[in-house]
Every structure is written in C-alpha cells, then in structure tokens.
> 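Next up is a structure, given as structure tokens.
Per chain, numbering begins at 1; letters A, B, ... match sequence-line order.
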Amino acid sequence: MGSVPPLLLALDLAGTFAFGLNGALTAVRATRLDVVGVVGLGMITALGGGVIRDVILGAVPPATFVDWRYFALAAGGGLLAFGFSRVLDRLEMPITVMDAIGLSTFAVIGASKALAYGLGVGPALLLGVVTGVGGGTMRDVLIGRIPSVLRSDLYAIPAFVAAAITVVATHLDLYGLPAALLAVAACFVIRMLGVHLELNAPGPPRPPDPDPADS
Amino acid sequence: MGSVPPLLLALDLAGTFAFGLNGALTAVRATRLDVVGVVGLGMITALGGGVIRDVILGAVPPATFVDWRYFALAAGGGLLAFGFSRVLDRLEMPITVMDAIGLSTFAVIGASKALAYGLGVGPALLLGVVTGVGGGTMRDVLIGRIPSVLRSDLYAIPAFVAAAITVVATHLDLYGLPAALLAVAACFVIRMLGVHLELNAPGPPRPPDPDPADS
Amino acid sequence: MGSVPPLLLALDLAGTFAFGLNGALTAVRATRLDVVGVVGLGMITALGGGVIRDVILGAVPPATFVDWRYFALAAGGGLLAFGFSRVLDRLEMPITVMDAIGLSTFAVIGASKALAYGLGVGPALLLGVVTGVGGGTMRDVLIGRIPSVLRSDLYAIPAFVAAAITVVATHLDLYGLPAALLAVAACFVIRMLGVHLELNAPGPPRPPDPDPADS
C-alpha cells in the first residue's frame with residue numbers, strides 16, 4: 001500500500017482507528033469480556049478485512065501487520081473503547097461517521113489493490129466489499145451474532161458502490177485521487193443515509209420484542 | 001487447475017453453480033437478508049472451500065478468483081436463488097442432486113490438488129474434505145447455524161471417501177479421469193443414499209424435544 | 001519450525017495431542033456429532049492456531065500440514081477422544097494440564113516464528129496469542145459457542161505473557177531454550193492458577209439463570 005496517496009492513507013488510518021474503537025464498543029455492549037477480549041475484538045474488526053484481502057491476494061504478511069501505524073491505531077482504538085466505553089457510548093454519531101469513513105476507504109483500497117494484483121472485475125468487487133465488511137463480520141461471528149452486514153441492507157451495498165466506482169474508473173484509466181475520493185464520498189453518503197433511514201424505520205429487522213405494556 | 005480433464009471441469013463448474021444456488025437458498029430460508037447478503041452467502045458457499053484449500057496450499061490468488069467461470073457461476077447461482085427462491089424451493093431434489101455432484105467433484109479435485117502441491121496422505125484427505133464442505137460451513141457459521149456437516153453424518157463421510165479413493169489411486173499411479181470419476185461416483189452415491197435415509201429416519205439428530213403430550 | 005530445540009518440540013507435540021484430545025472432548029460434550037465431526041473439530045482445535053499463523057506469515061503449506069507428526073498427533077487425539085470420551089471425561093485435570101502446556105508452547109513458538117519472519121513487536125504478540133487460542137476459537141465458533149477465550153480472562157492473558165516474554169527476550173538477544181522455557185512456565189503457571197480460581201469462583205460469567213425456586 002506504499003502507493004496510496006497521503007489523503008487516502010489518512011482516511012484509511014482514521015478508518016482503522018474508528019473500526020478498532022467501534023468494534024471494541026460493540027463487543028463491550030454485546031457480552032461480558034475481559035480487556036484481552038475487548039481489545040482483541042477491536043483489532044479483529046479493524047484489521048480483519050485487510051488481512052482476508054491480503055491473504056487471498058498472497059500479499060503476506062498483510063499490510064496491516066507490516067505497517068505499525070495500522071496496528072497501533074487498531075489497538076489504540078480498542079484500548080480506548082475498553083477504558084472509556086461509558087463516555088464513548090454517548091458519542092454514537094461521531095463514531096458512526098468515522099466508521100462510515102473506514103468502510104468507504106477500505107472498500108476503495110481493497111478493490112484497487114485487488115486490481116493491482118491482476119484480479120478481474122468480479123473478484124475485485126468482492127474483495128473491495130470483503131475489505132470493508134470482513135473485520136466486523138469476523139467480530140460478529142466471534143460474539144455469536146448474525147453479522148450486521150447480513151441484516152442491514154445499507155452496509156454492504158455502499159461498500160459495493162465504492163468498489164464498483166473504483167473498478168470502473170480503473171478500467172477507464174481514470175483512477176486516481178479524485179476518483180478514489182468520489183468513490184469514498186459515494187459510499188459515505190449512502191451509508192449515512194442508511195443510518196438515518198434505519199433510525200426512522202418503523203420496525204427493526206429482528207424478531208419482535210415482547211410488548212412491554214404486557215408486564 | 002489447468003490440467004483438470006474437461007469432464008471433471010464440467011462437473012466442477014456444475015457443482016460451483018449448484019453450491020451458489022443451494023447456499024443462497026439456504027440463506028433465504030434461514031434468515032431475512034438483502035440481495036447482497038443472499039448472493040454473498042451463495043458465493044461464499046460456492047467458492048469458500050476452494051479458497052481455504054488454495055490459501056493453505058499457497059496457491060494464491062485462489063483458482064476460483066482467477067478463472068472467471070467459477071466466479072460467474074457462483075454469482076449467477078446466488079442471483080438466481082435470490083430472484084426465484086419460491087420456485088426453486090419446489091425443485092429440492094434436482095438441487096440436492098447437483099449439490100451432491102459439487103460435493104463429490106470438489107473433494108476429488110481438492111485432494112488431487114493437495115497431492116500435486118506435495119502434501120502427504122493425511123493433509124490431502126483433510127483438504128479434500130475441506131474443499132467439499134468448507135463453503136457450506138462458512139455459510140452456516142455466518143447465519144448462526146451449527147454447520148450441517150457436523151450434524152449430518154453423510155455429508156463429510158462421502159467427501160472423505162472421494163478424497164481417499166483419489167489419494168489411493170494417486171499413490172498406486174492409477175489416478176486419471178476414470179479413477180476421478182469413480183471417486184466422484186462413490187461420493188455421489190453415498191451422499192444420495194444419505195439424503196434418502198435421512199428422509200426416512202425416525203427422529204432428528206438433535207436432543208429429544210420435551211414430549212408434546214405433557215402439556 | 002526446523003530450528004525448534006528438541007525439548008520445545010516435544011512440548012509442542014504434546015500440546016498438539018492435548019489440543020486434539022481436548023478439542024474433540026469439548027465437541028462430544030457440546031453437541032451430537034459423528035466421528036468425522038468429532039475428529040475434525042479435534043484436529044481444527046489442534047492445528048487451527050498454527051495454520052492461521054502460517055497463512056498470515058505466508059509460510060505455506062503450514063508447518064502442521066508438512067510435518068506428519070503434528071497431523072498424526074492431532075488426529076490421534078481426536079480419535080482417542082471419540083472412542084473413549086466417557087473414560088477421558090474423568091481425567092479432566094491431566095487433560096487440562098496438557099492443554100495448558102499446549103497453550104504455553106504454541107504462544108511461545110508463534111511469537112518466535114512471527115519475529116523470525118520479520119514482524120514487529122505488536123504483530124508478533126498478536127500472532128503468539130492467536131497461535132495459542134486460534135484453534136479452540138475456531139472450534140467454539142463451529143459448534144455455536146461464544147469462544148471460551150472471550151469468556152475466560154485467564155486463557156488469552158497467559159498466552160499474551162508467554163508471547164511478551166518471548167518478544168522481550170528476542171529483542172534483548174537473550175532468546176534461547178532457557179528463555180522459551182521460562183515463557184512456557186510463566187504461561188503455564190498463570191493458566192493453571194486461572195483454572196483453580198475459576199473452580200472456586202462464586203458465579204459463572206454468563207447471564208444469571210432464572211431462579212429455580214420460582215418453578
């Protein structure tokens with residue numbers, strides 16, 4: 001990932017931190033865990049998607065294991081979440097925004113790296129999405145939840161759009177920082193739209209809770 | 001997988017399509033998912049076993065990511081299942097037959113590829129079985145089910161038999177299309193036998209339910 | 001792993017056998033499985049951590065697939081557990097002791113191998129822990145349990161301590177058999193302490209059961 005432009009790198013690092021923070025907070029909320037469990041799940045959320053991508057591409061050891069900044073930000077996000085989970089729970093929107101930045105950047109960089117390793121359109125789209133959603137999916141599997149990417153229709157789809165813009169731009173020889181930022185922005189907007197729509201949606205995609213008026 | 005004979009390749013591609021279709025149908029039945037979730041789970045079912053095999057062998061990017069036919073058939077099966085799940089639910093037997101063809105061919109090709117990469121008898125047997133059952137297992141884990149391979153005794157065992165015939169034939173220098181087809185046929189027959197026996201079995205392989213007559 | 005000293009190799013092989021046995025016994029207790037499921041889960045428990053480590057390091061095919069002794073001991077442990085689960089259930093303490101030996105040795109060898117492949121301190125620590133706990137975590141995910149490493153605070157932490165001693169010793173140029181054995185011993189002692197404390201703990205780390213006096 002040495003050829004990633006500085007702005008994209010900054011977004012990628014911010015996303016890694018946000019994924020580490022958000023992944024660890026999700027773990028704290030979901031089940032009783034010790035510090036190793038919480039920080040570990042934060043790191044898996046932050047680094048998992050990129051590790052799957054790099055293992056499939058044969059780019060090992062994975063970029064996130066070689067570049068200490070990714071590793072430190074993932075661990076830092078997880079530790080922060082462990083120490084300040086009560087405070088951070090109130091900051092849901094800023095964390096969701098950063099998480100959407102991470103999703104967007106991961107999808108773009110994932111698709112771009114897959115193309116650079118010679119993969120075709122379909123596999124590059126898939127690896128873009130997997131880079132974006134893989135870490136959170138691993139976390140959800142580990143804490144025994146149906147992965148949120150399978151339940152919420154506006155998490156994988158924005159990542160898919162970002163990967164598709166990346167792939168199209170690359171095939172038109174137009175890929176560069178502007179195209180990458182356009183792809184990131186498109187994913188980000190769709191994702192945030194999804195978050196807002198979900199907040200207003202009449203019912204959650206979960207089994208109905210027992211009516212609280214009954215008790 | 002360039003040296004796979006045309007007949008085996010055709011079976012392998014048919015199996016990939018069947019796994020994509022069947023995997024996506026299972027996902028539709030099990031839980032509420034959007035198109036990305038359904039097609040994604042279909043593709044994971046179809047490609048997952050081969051990806052695990054190739055990642056372990058160091059044959060990356062995996063064959064199914066490099067050869068567009070596997071990718072297209074896996075995605076096509078998933079999309080078909082998403083669009084026509086109600087119709088396809090009625091075609092259970094043809095889909096089970098195609099799924100059994102996929103299981104058989106995947107196990108044979110998996111074991112054969114492991115041997116070609118210099119692995120011993122035990123690891124080749126294991127990778128043959130993993131190639132056959134790995135994708136469905138990943139799907140089941142993602143939708144929160146105990147993998148069916150662990151619950152149904154006639155899914156892994158036929159794959160094991162196919163891998164064993166492949167390994168024995170290779171060590172006797174008899175491996176070729178006839179031996180491969182024999183291994184595929186043996187697995188297929190045992191698997192279909194298992195399907196029929198299961199249909200007639202008196203009870204499910206789960207802990208006994210409380211007697212309904214008690215209530 | 002050719003440069004592993006004989007004593008460490010012996011502990012590593014003993015640990016592989018214990019993980020295979022213990023992993024398969026856990027599977028027998030947790031859910032109804034056939035021989036392929038039980039032995040498969042035993043082998044995944046025994047070999048999974050090392051496979052994840054080697055795939056991430058690019059050291060493929062993984063050491064445990066190339067060296068038949070690991071493979072045979074993992075399969076042997078699983079088969080023994082399948083055949084004699086009732087007898088072995090009574091031998092809980094010797095199996096826990098052997099399992100702790102495995103955890104300790106796996107963490108030390110995992111961290112050491114990661115450093116030998118040029119990874120930094122953080123990734124080496126992570127891979128040490130993953131080598132120790134990865135197999136059991138894969139097993140727990142497959143049988144639908146929250147991984148015990150996330151629930152029990154004295155499983156990952158001793159592995160972390162062992163990996164940390166390994167990393168510090170290597171950076172001080174003091175790594176060798178004595179340092180490795182010190183790291184193994186530290187992990188082993190903390191783990192066994194954890195086992196004993198857990199036995200005496202007032203309540204389990206799970207949501208409280210409904211009061212049985214109510215019914």
> Report which part of F71(C) has an atom under 4.5 Å of a heavy atom belonging to chain B: side chain, backbone, both, or neither.
side chain

> Heavy-atom pairs under 4.5 Å with chain C - which of G144(B), G122(B), G58(B), A114(B) has more of them than the others?
G122(B)

> Counting only non-hydrogen atoms closer than 4.5 Å, can you tell me which residues of residues 165-177 of chain B sit against chain C?
none

> Mind checking the CG-CG spacing from L142(C) to D140(B)? Nearest 0.5 Å is all I need.
10.0 Å

> Please classify the contact of I56(B) with chain C as side chain, backbone, both or neither, using a heavy-atom distance under 4.5 Å.
both

> Please assess L127(B) against F65(C) for the test side chain to side chain contact (heavy atoms under 4.5 Å, CB included), listing each intermediate value before the final yes or no.
CA-CA 10 Å; L127(B) 278 189; F65(C) 274 62; 3.9 Å; yes

> In terms of heavy-atom proximity below 4.5 Å to chain C, should V55(B) be classed as side chain, backbone, both, or neither?
both

> Name the member of G118(B), A124(B), A59(B), P123(B) that forms the most heavy-atom pairs with chain C at distances under 4.5 Å.
P123(B)

> I need the T137(B) OG1 to I44(C) CD1 distance, nearest 0.5 Å.
8.0 Å

> Is it the case that over 12 heavy atoms from other parts of the model lie below 6.0 angstrom from the CZ atom of F17(B)?
yes

> For R29(B), does the CZ atom have more than 12 heavy-atom neighbours from other residues, nucleotides or ligands under 6.0 Å away?
yes

